[in-house]
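First up is the structure itself, then whatever we jot down about it.
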Amino acid sequence: MLRMRAYQDGDSFPGFSPEPGKGLYFIALDGERLVGYCRWRLLPGKIGIETVEDSGDPLVFDGLVRGVLSIASDQGIDRAVFSREIRPDRLATSQIPVNGENILISIEHFLENCKMCKKF
């Protein structure tokens, strides 16, 4: 069963060792096995999504990014900038409307209006 959550101090996964001070991590687990992560950071007035490792699965990418965007929205942050390292095809598949500078102008609008984000 796939689940996603924030990386916590004390977590240990083979082949994965986050660098302290390099950002926050949101992880995807299949049972106890790490299958993906998103490294992001808080910036003045926005978040920066720097790296997404999705093990080749666009649904893992989608879940990780939406999870991070939801965390930001819950904290009152409404803008996200995506690193140029983030695959444009993954952003398109997840229907994340970034502008030419890889910026999502309104996280809240995206989460409220995206069919895949509707809350039941």
Might you point out which heavy atoms bring [X] and [Y] nearest each other, and give the distance in Å?
X	Y	value
I77	K46	CG2-CA, 3.6 Å
C38	L64	CB-CB, 4.1 Å
R3	E32	NH2-OE2, 3.6 Å
M1	D30	N-OD1, 3.4 Å
A72	I107	CB-CD1, 4.0 Å

Who passes ring pair (Phe, Tyr, Trp, His ring centres under 6.0 Å) against Y37, sequence neighbours left out?
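Listed in chain order: F16, Y25.
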Pair R79, I105 - check side chain to side chain contact (heavy atoms under 4.5 Å, CB included), show working.
CA-CA 5 Å; R79 189 169 291 219; I105 301 297; 3.9 Å; yes
Under 4.5 Å between side-chain heavy atoms, hopping through other hydrophobics if needed: is there a path connecting [X] to [Y]?
X	Y	result
F26	L24	yes
L59	I27	no
I49	F110	yes
M4	V68	yes

Verdict with supporting geometry, V52 and W40, side chain to side chain contact (heavy atoms under 4.5 Å, CB included)
CA-CA 9 Å; V52 179; W40 63 286; over 6 Å; no
Distance-only, no hydrogens or angles: does the [X] side chain make a donor-acceptor pair with backbone N or O of [Y] under 3.5 Å?
X	Y	answer
R41	K22	yes
E53	S55	yes
R66	S94	yes

Q75 atom CD, over 12 foreign heavy atoms within 6.0 Å:
yes
Testing L69, I71, V81, L104 for side chain to side chain contact (heavy atoms under 4.5 Å, CB included) with I47, which one passes?
L69
For I86 and L91, run side chain to side chain contact (heavy atoms under 4.5 Å, CB included): C-alpha distance rounded to whole Å, both residues' side-chain angles, the deciding distance at 0.1 Å, then the answer.
CA-CA 8 Å; I86 305 296; L91 292 170; 4.0 Å; yes
Please collect all side-chain hydrogen bond (donor to acceptor under 3.5 Å, both in side chains) contacts where either partner lies in residues 99-108, sequence neighbours excluded, each pair once.
S73-E108, D78-S106
Check: L2 and V60 side chains under 4.5 Å, non-hydrogen atoms:
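Yes, close enough: below the 4.5 Å cut-off.
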Evaluate side chain to side chain contact (heavy atoms under 4.5 Å, CB included) for T93 paired with F61, printing each intermediate quantity in order.
CA-CA 10 Å; T93 298; F61 176 93; over 6 Å; no
